[in-house]
Every structure is written in structure tokens, then in C-alpha cells.
Amino acid sequence: MSTSHLPEALPIDAGAFPVAEPIPSALPVRRPSTAIRHPVLHGFAVLFGWIWRWYVGAVMCFNWFVVSYFTSIVAVGWSYRWMQAIVLRGWWKQSPRRREGTFADFCDSLGQDGPVPRPRWFLRERLTTAIDHPTRGGTPPSGLRKVGRALSLPWYSLWVNFKTGLAGLFCTYLLTGWGCLLMAFGWEYGWLTSINRYYEQAFVGVSTFLLGALLFILAMFYVPMAQAHQAATGQARAFFEFRFVRRLVRARLTAYIGLAALTGFTSLVLMIVVLSLTVSENFPGNDRSLSPQEGLAIFWQYFFWFTLLLLFPLYLLQRFVAAVVYRSAVLKVLRQGKVTQAELNPVLRGWLDKMDLRIIPRAETVGLGWYARLTTRFAYRRVLFTALFLLWLAFTFRLLVGHFLRSQPVVGFLNQPMIQLPCFDFIPDHLYLGRNE
């Protein structure tokens, strides 16, 4: 048969069959981050950045007489922002979005004032977009606003750290301050009663101190987890989400006891350092033959190195553990179905949505095994709560013993550096005033 009259190809109606999408020649490639990508240079940049942050943090918490109480507020705010980054990084590593870029890229996607992987002390984060980014209404910034933003670049992070730290301390003292005040009053009243020999009123000081210690212990059942929740959300009101924070404590009760033990250990180390430098007659700074200026110089040198190499790292370790326990507890209550993702704090819910991190609750079958686990869990929690109470009771006992050995009137009870204000200001006041005793 002749094929000269056959067409080369049959005509096809384009609407008769669905046409598939063209197959890409290669899989999409993840965009490289704008950060330094050379491994050696990047490693040096990260190392230098953390050394600088560590050094400045130690200086902020160091002895500056009265000034150190204000600079320590900045250190609290910086530590809260660092905890926020720890929480977010842990969740980001479990999310599908980790394949689309680095953690810094994800933080940048949260906005100009969003969380950062490594908070700064002074200079504003995201300098390249700090001046030209739109206002909250979405409009371009005016010329005057740009000038104001440019002037704020060198100290913007300092203000953010101070504001965050002040909010954190305010919330912490609203719960712990009452117990601290009663302990301080009971201590001072007890001494006045002993000096003036009003022994028939001795019970007032003792009972007030015990009541204050009890209130402080009850507050510490809640405060460490609430601090982590406030740090993660960046909201002061999140500190008082009692129902949610209580569920987090119960979800990771064993780890929470470990956090309490770490807090007690760091406070014990601080007490040993203070007593070894201020009470011991073998310490060179306590030599009475030295002038006040020479003694002050020796105290400064020793306390600075202790703050830089021991006390501030222990404070950061405690904050790191609190953030890790918190981020694990949030995921656990979501998996157990005790809290739905819709019931979360709006900030946390927004971050999990942007990460595409969906936590599916796991149903637990009811049976003899379930009842056995429930009974065992109830008894186990009673033991753990008792252990938690004893840990904080030992903390207050250590506080009492420390004041017998080296008294700090009023201030010593009103501020616990590893819990409230990390101000390691323990140089004797008479040296600042230029006199021996």
C-alpha cells in the first residue's frame, strides 16, 4: 500500500486530553544564605561573636557598685532573647522548613523585629534592612523616620535588652518578691529583738521568716518555667498564663527537678566564691596592711575573673537548660493532647504554623495497663513534687547559712542572682568608700 498520501502526524485536539506539567530538568536548589559561607571564616566569625557576647555579659553582671544593678537588667533581657532563640532552633530542627534554608533565614522571615539566632548587646540586628523596612501599616518610612532609625543603630539592641529584662524582672518579683520581703523583714526583726532583748516577741521574726520562705518556695514551683515561657513569647502577660505553665511543669517534672537542682548548685557555687573572697583571712584583699585602693583593686581582679570564667557561664547554663526543658514540654503537651495548637499562645502558634510543624496528638488506649500507669504516675508525681519542695527548702536554708557567715542587709534576701537579677556585686562597700572597715 502506498503511504505517500498519509499525513506525517495525526491532528490532536488540545482539549481532548489533559496536558501534564513539564518536568523540571533539575530539582529546586536551596538558596544560599547571605551569611559568610566559607567554613573557616564562618567559624571564626561565630567564635569571635560568642567570645564578645560572653565578655560583655560578664562585664554587665560585674561589680560596678550601684551601676551594676542597672547593667544586670540588660543581661537579663539578653538572656531572655537568647532563650527564645534556643526554643525556636529546637523546634525548627524538627520542622520541614529546615530543608529550605538556615535557621537565620527562618528568623529573617519573621520580620525586622523578629527573633535572632545570636542576640546583640548594642548594635541593631539586620542592619541591611533596618532603615528602609516598611512601617507597621505597610507604608514606606518617611525621611525623618529614616534619620531616627539611623541614629538608633548603635544602641537599639541595648534598649531592647533593657526593656525585655525590666519586664522579666517585674514579673519575677511579682511572685518571688513577697517571700523575699518577708524573709528580709523576719531576719532584721530577729536581730533587733536579739540586740534589744525583747525575747517575748522573738516568735514574730521567726514566724515571718518561715512564712516568707514558704511563699518563696511555692513561687519557685512556678517561676522557672514561667520565665522560659515569657522569654519564648516575648510577652510579659505570658508569664501569668498559669494553667498552661502548670501543664508544662507536670509534663516535664523530672527535668524540672533537674533545673531546680542546677539552680541550687549554681547558687551554692556563688556563695562559696563570695565567702572565700570576703570572709577568708587568707585572701590577699582582706590584708589590713593594704590601703583601701589596693584592696579594692585585688577584689576587682579576682571577682572579674570569677564572673567571666565561672559565674556568668553558670548563669547561661541555667538559662540554656530552662529553654531546653520548656521547648520539650510544649511539644509533649501537644502530643498528649492536653493542649491543642489552637489553644497555644498566639506567638507560639504563629511560629509553629510558619514552620509547618504539626503535632498530632496520640490517643492512649484505656485498659488495665492504662489504669496501672495512671496509678504509678500519680504516686511518682507525689514523690517528685516532694523532692522539688525539699530542693527549694534546701535553697532557703543555704541562703540563711550564707547570711550568718556573711550578712548583706536587706539586699541579700531581696535578690537571688541566679533567679532574679544576675548582679554579682559582693565587694565590701567600705572599699568603694575609701576606708578600711
For residues 382-392, please give each side-chain donor-acceptor pair under 3.5 Å, one per line with the distance, not counting sequence neighbours.
| from | atom 1 | to | atom 2 | distance (Å) |
| --- | --- | --- | --- | --- |
| Thr386 | OG1 | Arg382 | O | 2.8 |

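- Salt-bridge check for Arg98 with Asp356: failed, with every basic side-chain N at 4.0 Å or more from each acidic carboxylate O.
- For Arg145, the side chain to side chain contact (heavy atoms under 4.5 Å, CB included) test picks out Thr135, Pro141, Ser142, Arg149, with sequence neighbours left out.
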Exercise. For the pair Phe426 and Leu277, evaluate side-chain contact (heavy atoms from CB on, under 4.5 Å) and give the outcome as yes or no after the intermediate values.
Key: CA-CA 9 Å; Phe426 299 100; Leu277 297 185; over 6 Å; no
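- Listed by first and then second residue, the salt bridge (Lys or Arg N to Asp or Glu O under 4.0 Å) pairs that reach into residues 388-403 come to none, sequence neighbours excluded.
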Using distance only, find each side-chain donor-acceptor pair of residues 209-228 under 3.5 Å and give its atom names and separation, not counting sequence neighbours.
| from | atom 1 | to | atom 2 | distance (Å) |
| --- | --- | --- | --- | --- |
| Tyr222 | OH | Phe239 | O | 2.5 |
| Gln227 | OE1 | Arg319 | NH1 | 3.4 |
| Gln227 | NE2 | Thr172 | OG1 | 3.1 |
| Gln227 | NE2 | Ile419 | O | 3.2 |

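- Here Asp287 pairs with nothing under the salt bridge (charged side-chain N to carboxylate O under 4.0 Å, His left out) rule; sequence neighbours left out.
- Around atom CD1 of Ile360, no more than 12 heavy atoms belonging to other residues, nucleotides or ligands sit under 6.0 Å away.
- Each salt bridge (Lys or Arg N to Asp or Glu O under 4.0 Å) pair with one or both residues in residues 69-81, not counting sequence neighbours, appears once here: Arg81-Glu125.
- Applying side chain to side chain contact (heavy atoms under 4.5 Å, CB included) to Phe103 and the options Arg97, Arg89, Lys93 leaves one that passes, Arg89.
- When each of Phe424, Phe283, Phe62 is tested with Phe299 by the rule ring-ring contact (aromatic ring centres under 6.0 Å, His included), just one qualifies, namely Phe283.
- Within 6.0 Å of OH in Tyr302 there are 12 or fewer heavy atoms belonging to other residues, nucleotides or ligands.
- There is a side-chain donor-acceptor pair under 3.5 Å between Arg252 and Ser328.
- Surrounding CZ of Phe242 are more than 12 heavy atoms belonging to other residues, nucleotides or ligands, all under 6.0 Å away.
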